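Working notes, structure below.
The shown structure was predicted, so the numbers you read here are calculated from the model rather than taken from an experiment. As the structure lists them, so they are numbered: ligands from 1, and atoms in each ligand from 1.
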Amino acid sequence: MDNKIYNKLGICDEVLSFSEKVLDELKERFIGIDETAEYNQCKVISAMQENRVNAVCFAATTGYGYDDVGRDNLEKVYACCFNTEAALVRPQITCGTHALAVALSAILRPGDELLSPVGKPYDTLEEVIGIRESKCSLKEFGITYAQVDLLKDGTFDYEGIKRAINEKTRMVTIQRSKGYQTRPTFSVTQIGELISFVKSIKPDIICMVDNCYGEFVEKTEPSDVGADMIVGSLIKNPGGGLAPIGGYICGTAECIEKCAYRLSAPGLGQEVGANLGIMPAFYQGFFMAPTVVAGALKGAIFAARCYEKLGFRVVPNSVESRHDIIQAVELGSKERMLAFCKGIQAAAPVDSYVTPEPWAMPGYDSEVIMAAGAFVQGSSIELSADGPIREPYAVYFQGGLTWYHAKLGIMMSVQKLYEAGLLENGLL
Ligand SMILES: *Cc1c(COP(=O)(O)O)cnc(C)c1O
């Protein structure tokens with residue numbers, strides 16, 4: 001590689017040669033990622049062909065959005081690709097948390113209990129559920145919450161789950177990705193086993209999977225292994241970096257109808273909701289998503305191997321199998337977190353000249369630092385890093401619309417730590 005262009009971007013020769021050594025060791029893994037991307041690309045194209053996607057689908061609608069062909073057909077494409085009866089894919093779903101809140105409140109009624117058999121859910125769901133007090137939480141509507149933590153080795157506590165399921169248990173929520181924790185992310189196979197177990201105890205429990213960051217990482221999705229609903233954000237994987245807003249819920253026809261009634265109004269459901277001209281980005285983003293996810297995965301594995309070599313704990317490590325695009329790096333101090341994020345920011349195509357600062361973000365209970373220079377604000381399928389400023393001072397790194405940008409971001413983070421003298425053993 002021509003070092004000059006990297007030198008111009010601020011990467012020194014020492015960091016470059018360190019990176020090249022790391023990359024030499026990752027060739028085999030990258031071939032596996034490309035193979036999954038190829039399969040998922042075919043899966044998306046097949047769903048689009050089967051539903052006869054054409055130019056009419058890209059037309060804008062306004063007002064009520066009755067007979068919105070593009071919107072209705074996109075939902076068929078999602079359902080087909082994710083192997084579900086129905087789907088709700090809308091710009092009116094503002095983010096992943098909103099999609100999850102819609103799915104939960106569509107199913108749960110006063111007196112029902114929600115169970116998380118996989119430990120604490122994602123930070124923003126604490127207020128949705130009422131684990132942390134909030135106005136309009138499920139708790140305020142008389143819906144209780146139970147949680148079974150994972151065993152020490154990160155596996156499911158089947159005995160505990162069996163004990164926790166009772167006559168009130170109406171719904172189970174399973175978060176695929178680790179979120180802001182350092183537990184492992186679950187494979188689709190593991191999720192399938194958990195769902196089968198839950199349904200063997202109480203067959204009518206609705207199993208929802210928070211699929212954020214997991215889409216297209218494997219060849220199957222949780223909806224292929226028994227989930228009644230999978231839920232996610234379009235400014236993560238399935239938006240392919242092009243969707244400027246949105247969320248999706250895919251699942252059984254009955255669940256999706258309830259979600260649509262909850263999202264709009266009872267009686268209206270899926271028939272209203274103009275697309276406002278956003279359809280080209282939704283279709284094209286979904287088309288791009290498998291490739292974008294592959295680039296993000298390569299970036300995550302590259303980061304894992306770099307930081308492992310530099311002596312830090314990384315989750316997952318650079319050889320284990322991957323089930324989401326998130327890479328946690330335990331940096332052990334606030335200073336290193338800041339330097340890492342500075343590097344990610346400095347490598348961005350947008351806002352590269354700003355310095356990220358920790359702030360008290362709505363929905364999170366400690367200060368959070370975020371680095372992102374994204375075309376879509378806050379998009380975390382674009383190269384970004386964030387993390388709560390608390391033990392073990394872990395940054396969660398994710399995204400990259402292209403592998404080359406992800407690579408540059410990681411090299412730049414190493415560069416900033418190196419320059420600041422924050423690498424105890426230098427670059428080895
Ligand atoms: C990002 C994320 C959410 C919330 O999505 P937002 O779009 O940030 O509201 C929920 N669960 C998990 C696991 C996530 O990664």
Side-chain angles (χ1 to χ4, degrees), residues 88-105 114 116-129 131-132 134 138 147 150 172-188 190-191 208-217 221-222 227 229-241 243-250 263 282 285 289 293 296-297 300 315-316 322-328 359 361-365 368-372 374 376-388 394-399:
L88 193 60
V89 186
R90 305 272 165 144
Q92 287 83 10
I93 301 177
T94 54
C95 60
T97 305
H98 185 196
L100 289 157
V102 167
L104 290 167
S105 43
L114 170 68
S116 171
V118 296
K120 186 183 105 51
Y122 193 73
D123 287 47
T124 58
L125 284 188
E126 292 185 357
E127 283 172 273
V128 172
I129 295 168
I131 301 169
R132 268 185 291 136
S134 172
L138 294 173
Q147 177 178 314
L150 297 171
V172 155
T173 177
I174 300 167
Q175 184 179 308
R176 178 174 176 181
S177 165
K178 68 177 80 62
Y180 285 137
Q181 295 169 72
T182 46
R183 63 132 161 116
T185 287
F186 307 124
S187 68
V188 171
Q190 280 176 300
I191 291 172
M208 177 188 85
V209 175
D210 174 351
N211 208 25
C212 283
Y213 287 131
E215 299 90 352
F216 298 124
V217 172
E221 300 292 337
M229 283 190 283
I230 58 172
V231 183
S233 163
L234 297 199
I235 60 169
K236 292 179 180 172
N237 305 15
I245 190 170
Y248 78 88
I249 307 172
C250 295
L263 177 66
F282 276 20
V293 167
L297 274 172
V315 182
R322 301 252 153 183
H323 312 293
D324 69 9
I325 63 165
I326 304 188
Q327 180 61 50
W359 65 302
M361 214 182 133
Y364 296 84
D365 72 352
V368 175
I369 181 149
M370 293 206 165
V376 172
Q377 283 176 43
S379 167
S380 47
I381 186 62
E382 298 189 48
L383 187 69
S384 49
D386 48 71
V395 289
Y396 296 79
F397 160 84
Q398 67 269 314

Query raised in the report: Could you give the distance from OG1 (T97) to CD (E126), rounded to the nearest 0.5 Å?
Result: 11.5 Å
Query raised in the report: D324 and R176: salt bridge (Lys or Arg N to Asp or Glu O under 4.0 Å), yes or no, with the steps?
Result: CA-CA 8 Å; D324 69 9; R176 178 174 176 181; over 6 Å; no
Requested in this report: Non-hydrogen atoms closer than 4.0 Å to ligand 1: which protein residues do they belong to? List them by chain and number, please.
Outcome: C95, G96, T97, L100, Y122, Q175, D210, C212, Y213, S233, K236
Query raised in the report: Between K178 and H323, is a side-chain contact (heavy atoms from CB on, under 4.5 Å) present by the stated rule, with each step listed?
Result: CA-CA 10 Å; K178 68 177 80 62; H323 312 293; over 6 Å; no
Report summary line: Sorted by chain and number, sequence neighbours left out, ring pair (Phe, Tyr, Trp, His ring centres under 6.0 Å) with F216 holds for F82, F286
Query raised in the report: What pairs with F186 under ring pair (Phe, Tyr, Trp, His ring centres under 6.0 Å), at least two apart in sequence or on another chain?
Result: F156
Query - Residues that S116 engages under side-chain contact (heavy atoms from CB on, under 4.5 Å), provided they are two or more places apart - result: V118, Y145, T173
